[in-house]
Amino acid sequence: MSAVDWVTARRLAYEAGRAAAGPAEVVRLDAADGRTLAEPLLALTDLPAFPTSSIDGWAVRGPGPWRPTGRVLAGHTPEALTEPGTCVEIATGAMVPAGAEALIRVEESTQDAEGRVGGTPRPAPEWRLPGEEATKGEELIPAGTAIDPAVIGVAATCGYESLTVSARARAALRIFGDELLTSGPPGDGRVRDSLGPQMPAWLRRCGAEITSAQVAGPVEDTLEAHLAAIREAFETADLVCTTGGTMHGPVDHLHPALAELNAEYVVNTVGVRPGFPMLLARAQGADGRDRFLAGLPGNPQSAVIALVTLVQPLLDGLAGRPEPTLPVVVTTAPVKGRGNDTHLALARLDACGRSATPVGHVGSAMLRGLANAHGFLLVDPGTEAAAGDLLPFLPLPLQAGERR
């Protein structure tokens with residue numbers, strides 16, 4: 001099977017996720033951070049719901065000086081001002097009484113010996129009008145938006161106690177490769193597993209749910225062991241990520257295992273370097289719902305590239321998030337092409353996020369460059385980039401607002 005180009009591979013992964021998205025669920029506001037809105041957030045009432053003072057001062061009616069008749073604090077419903085020449089003291093955020101014609105700032109007011117208030121209202125009204133921010137039923141935030149503290153604040157302002165969110169995909173990780181060590185330094189022909197410790201964190205940053213109980217390996221290099229590991233993972237996970245075994249060598253059993261599971265390929269190999277070879281397959285679970293398996297290469301940097309190429313768009317689709325549009329940055333140095341494949345070159349952004357500098361130590365088996373990068377510069381097949389060129393930039397799935 002010929003390799004799928006990088007852009008098409010991401011689209012196919014996203015579309016597969018959208019088609020298999022699970023039912024929405026309702027969560028309390030305090031549990032909504034990091035989830036995705038499954039339906040638009042609508043204003044439940046006008047915002048503000050009533051005229052609100054934006055100053056500490058006086059609400060007045062008619063010509064001055066004005067005789068104070070009371071006080072209005074936030075959280076109270078005031079009596080109407082009915083007599084000309086009267087006023088009430090008012091606090092910021094308090095409801096403006098019916099009949100008030102103007103507000104006067106306390107620092108711009110006077111009081112005579114009899115307590116009457118004087119002053120001149122400013123030309124612009126000093127209160128917020130109902131519906132100034134939103135009208136009842138107006139869409140405030142569209143479905144597919146990632147929920148952050150600001151979104152939670154808007155929901156709370158409207159009066160929501162909970163939000164309807166997209167289902168969060170459950171992920172599992174299976175590490176393939178008898179040569180891997182799970183503790184201590186590498187040596188004697190064996191290498192330390194670096195994907196088992198890091199992949200769960202990447203998956204969480206992409207929006208998946210994964211616990212330590214859903215991580216297993218190294219799995220024995222036999223077809224029977226691979227099948228058992230995948231079947232066990234499919235019992236509880238919507239997405240199973242495997243590392244290693246994506247080629248067709250003597251101890252690579254992933255493709256035969258997928259055949260035994262009657263899985264179909266969504267993508268089988270992608271024209272991208274580093275990252276070769278990777279795959280995304282779909283199989284039917286015991287409950288009739290789709291399960292996905294992402295085969296990530298065993299080389300660590302290649303595995304992360306496979307994650308951002310196939311897993312991240314799949315999870316975006318499953319969560320109902322829109323396909324992201326990649327920003328464009330200036331490369332500060334030349335970036336070589338990789339023949340007929342897309343080149344994903346690790347790079348670090350400047351403080352403004354407008355330019356990116358390629359980093360060193362970027363071999364498929366290396367992680368030092370990854371640890372010093374913010375993402376990848378994209379060089380299209382058959383091209384090279386010179387310093388000063390504009391290139392798409394694929395950010396690593398870091399936490400919201402996080403910059404290393």
Participant: Taking NZ, NE, NH1 and NH2 as the nitrogens, is one of them in Glu264 or Arg282 under 4.0 Å from a carboxylate oxygen of the other?
Facilitator: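 The answer is yes: the pair qualifies as a salt bridge.
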
Participant: For atom CZ of Arg190, decide whether the heavy atoms of other residues, nucleotides or ligands shown that lie under 6.0 angstrom number more than 12.
Facilitator: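 It does: Arg190 CZ has more than 12 such atoms within range.
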
Participant: If you define the side chain from C-beta out and look only at heavy atoms, does anything of Leu296 sit under 4.5 Å from Thr246?
Facilitator: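 They are not in side-chain contact.
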
Participant: Decide yes or no for Leu258 and Leu279: does some side-chain heavy atom of the first lie under 4.5 Å from some side-chain heavy atom of the second?
Facilitator: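 Counting from C-beta outward, Leu258 and Leu279 do come under 4.5 Å.
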
Participant: Can you classify the ring geometry of His248 versus His255 as parallel (below 30°), tilted (30 to 60°) or perpendicular (above 60°)?
Facilitator: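 Rings of His248 and His255: parallel, as their planes differ by under 30°.
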
Participant: Any salt bridge between Arg122 and Glu108, counting N to O under 4.0 Å?
Facilitator: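 Here Arg122 pairs with Glu108 in a salt bridge, since their nearest N and O are under 4.0 Å apart.
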
Participant: Go through Met278 and Leu310 one step at a time and tell me if the side chain to side chain contact (heavy atoms under 4.5 Å, CB included) criterion holds.
Facilitator: CA-CA 8 Å; Met278 65 180 76; Leu310 296 177; 3.7 Å; yes

Participant: Is there side-chain contact between Leu261 and Leu227, with at least one heavy-atom pair below 4.5 Å?
Facilitator: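 Yes, close enough: below the 4.5 Å cut-off.
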
Participant: Ring of Phe276, cation from Arg273 - is the NZ or CZ under 6.0 Å from the centre and inside 45° of the axis?
Facilitator: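 Yes.
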
Participant: State whether the side chain of Glu209 and the backbone N or O of Arg204 hold a donor-acceptor pair below 3.5 Å, judged by distance alone.
Facilitator: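 Absent.
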
Participant: Taking it one step at a time, do Asp380 and Trp6 satisfy side chain to side chain contact (heavy atoms under 4.5 Å, CB included)?
Facilitator: CA-CA 9 Å; Asp380 287 335; Trp6 188 81; over 6 Å; no

Participant: To the closest 0.5 Å, what do you measure between CD1 (Ile141) and CG (Asp148)?
Facilitator: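 Here the rounded value is 8.0 Å.
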
Participant: Looking at Ser54 and Glu126, would you say the former's side chain and the latter's main chain have a donor-acceptor pair under 3.5 Å?
Facilitator: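 Yes: the side chain of Ser54 pairs with the backbone of Glu126.
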
Participant: With a 4.5 Å heavy-atom cut-off, do Cys158 and Leu47 have their side chains touching?
Facilitator: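 Yes, close enough: below the 4.5 Å cut-off.
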
Participant: Mark yes when over 12 heavy atoms from residues, nucleotides or ligands other than Asp33 sit less than 6.0 Å from its CG; otherwise mark no.
Facilitator: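 It does: Asp33 CG has more than 12 such atoms within range.
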
Participant: Would you tell me whether Thr331 and Asp389 have side-chain atoms, one donor and one acceptor, within less than 3.5 Å of each other?
Facilitator: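 Short answer, no.
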
Participant: Please step through side chain to side chain contact (heavy atoms under 4.5 Å, CB included) for the pair Leu390 and Val330, ending with a clear verdict.
Facilitator: CA-CA 5 Å; Leu390 291 171; Val330 176; 3.5 Å; yes

Participant: Just by modelled atom types, is the Leu129 backbone N or O under 3.5 Å from a matching donor or acceptor in the Glu132 side chain?
Facilitator: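 Present.
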
Participant: Decide, yes or no, whether a salt bridge links Glu323 with Arg11 under the criterion of side-chain N to carboxylate O below 4.0 Å.
Facilitator: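 Result for this pair is no, no salt bridge flagged.
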
Participant: Using a strict 4.0 Å threshold on nitrogen-to-oxygen distance, state whether Asp46 and Lys136 make a salt bridge.
Facilitator: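 Between Lys136 and Asp46 there is no salt bridge, as every charged N stays at least 4.0 Å from the carboxylate O atoms.
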
Participant: Are the side chain of Gln301 and the backbone N or O of Gly363 linked by a donor-acceptor pair below 3.5 Å?
Facilitator: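 Side chain of Gln301 to backbone of Gly363, a donor-acceptor pair under 3.5 Å: yes, one is there.
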
Participant: Without hydrogens or angle criteria, can the side chains of Thr92 and Ser53 be said to hold a donor-acceptor pair below 3.5 Å?
Facilitator: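 Note: Thr92 and Ser53 side chains miss the donor-acceptor criterion.
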
Participant: Is Glu133 paired with Arg128 through a side-chain N to carboxylate O contact shorter than 4.0 Å?
Facilitator: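 Looking at Arg128 and Glu133, the cut-off is met.
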
Participant: Nearest 0.5 Å, please: how far is CG in Asp56 from CD in Glu107?
Facilitator: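 Here the rounded value is 8.0 Å.
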
Participant: Which atom names give the shortest non-hydrogen contact between Ser166 and Ala319, and what distance separates them?
Facilitator: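 That would be OG-O, 2.7 Å.
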
Participant: Inspect the contact between Glu161 and Arg28 and indicate whether a charged nitrogen and a carboxylate oxygen are less than 4.0 angstrom apart.
Facilitator: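 Not counted as a salt bridge, because no side-chain N and carboxylate O are separated by less than 4.0 Å.
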
Participant: Spell out, as yes or no, whether a donor-acceptor pair under 3.5 Å connects the side chain of Ser109 to the backbone of Val106.
Facilitator: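 Yes.
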
Participant: His76 side chain to Val72 main-chain N or O, any donor-acceptor pair under 3.5 Å?
Facilitator: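 A pair under 3.5 Å: no.
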
Participant: Just so I know, are the side chains of Gln214 and Glu232 near enough to count as touching, which here means a heavy-atom distance under 4.5 Å?
Facilitator: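 Contact flag for Gln214/Glu232 side chains = no.
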
Participant: Side-chain contact, heavy-atom cut-off 4.5 Å: Phe376 with Leu346?
Facilitator: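 With C-beta onward as the side chain, the pair touches.
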
Participant: Side chain of His226, backbone of Pro256: donor and acceptor closer than 3.5 Å?
Facilitator: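 Looks like no, no N/O pair under 3.5 Å.
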
Participant: Between Leu103 and Pro125, is there a side-chain heavy-atom distance shorter than 4.5 Å?
Facilitator: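 No, too far: nothing below the 4.5 Å cut-off.
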
Participant: So, are Arg67 and Glu83 salt-bridged, with charged N and O less than 4.0 Å apart?
Facilitator: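 Here Arg67 pairs with Glu83 in a salt bridge, since their nearest N and O are under 4.0 Å apart.
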
Participant: Count the heavy atoms of every other residue, nucleotide or ligand shown that sit under 6.0 Å from CD of Glu79, and state whether that count exceeds 12.
Facilitator: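 Result for CD/Glu79: open.
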
Participant: Verify, without hydrogens or angle tests, whether Arg348 (side chain) and Asn372 (backbone) share a donor-acceptor contact under 3.5 angstrom.
Facilitator: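 Yes, the answer is positive, given that a donor and an acceptor are paired below the 3.5 Å cut-off.
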
Participant: If the threshold is 4.0 Å, N to carboxylate O, is there a salt bridge linking Arg231 and Glu260?
Facilitator: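 Looking at Glu260 together with Arg231, the answer is no, because their closest N to O distance does not fall below 4.0 Å.
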
Participant: Starting at CZ of Arg170, measure out to CZ of Arg168 and round the result to the nearest 0.5 Å.
Facilitator: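 Between Arg170 CZ and Arg168 CZ, I get 13.0 Å after rounding to 0.5 Å.
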
Participant: Before you tell me yes or no, could you show the steps for Val26 and Leu163 under side chain to side chain contact (heavy atoms under 4.5 Å, CB included), namely the whole-Å CA-CA distance, both residues' side-chain angles and the distance that decides it to 0.1 Å?
Facilitator: CA-CA 6 Å; Val26 176; Leu163 291 172; over 6 Å; no

Participant: Below 4.5 Å, heavy atoms only, C-beta onward: do Val335 and His343 meet side chain to side chain?
Facilitator: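 Yes - at least one pair of side-chain heavy atoms lies under 4.5 Å apart.
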
Participant: Could you go through Arg35 and Glu25, starting from their C-alpha distance and side-chain angles, then the distance that decides it, and tell me whether this counts as salt bridge (charged side-chain N to carboxylate O under 4.0 Å, His left out)?
Facilitator: CA-CA 11 Å; Arg35 303 298 294 271; Glu25 58 188 29; 2.6 Å; yes

Participant: Test your reading of the model: is there a side-chain donor-acceptor pair from Tyr160 to the backbone of Leu42, 3.5 Å cut-off?
Facilitator: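 Yes: the side chain of Tyr160 pairs with the backbone of Leu42.
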
Participant: Thr8 and Asp5: side-chain donor and acceptor closer than 3.5 Å?
Facilitator: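 Thr8 vs Asp5: donor-acceptor pair found between side chains.
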
Participant: Can you name the closest pair of heavy atoms from Ile230 and Ala257 and give their distance?
Facilitator: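 Nearest heavy atoms, Ile230 then Ala257: CD1-CB, 4.1 Å.
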
Participant: Is there a donor in the side chain of Thr86 and an acceptor in the side chain of Trp66, or the other way round, less than 3.5 Å apart?
Facilitator: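 The criterion, which ignores hydrogens and geometry beyond distance, is not satisfied for Trp66 and Thr86.
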
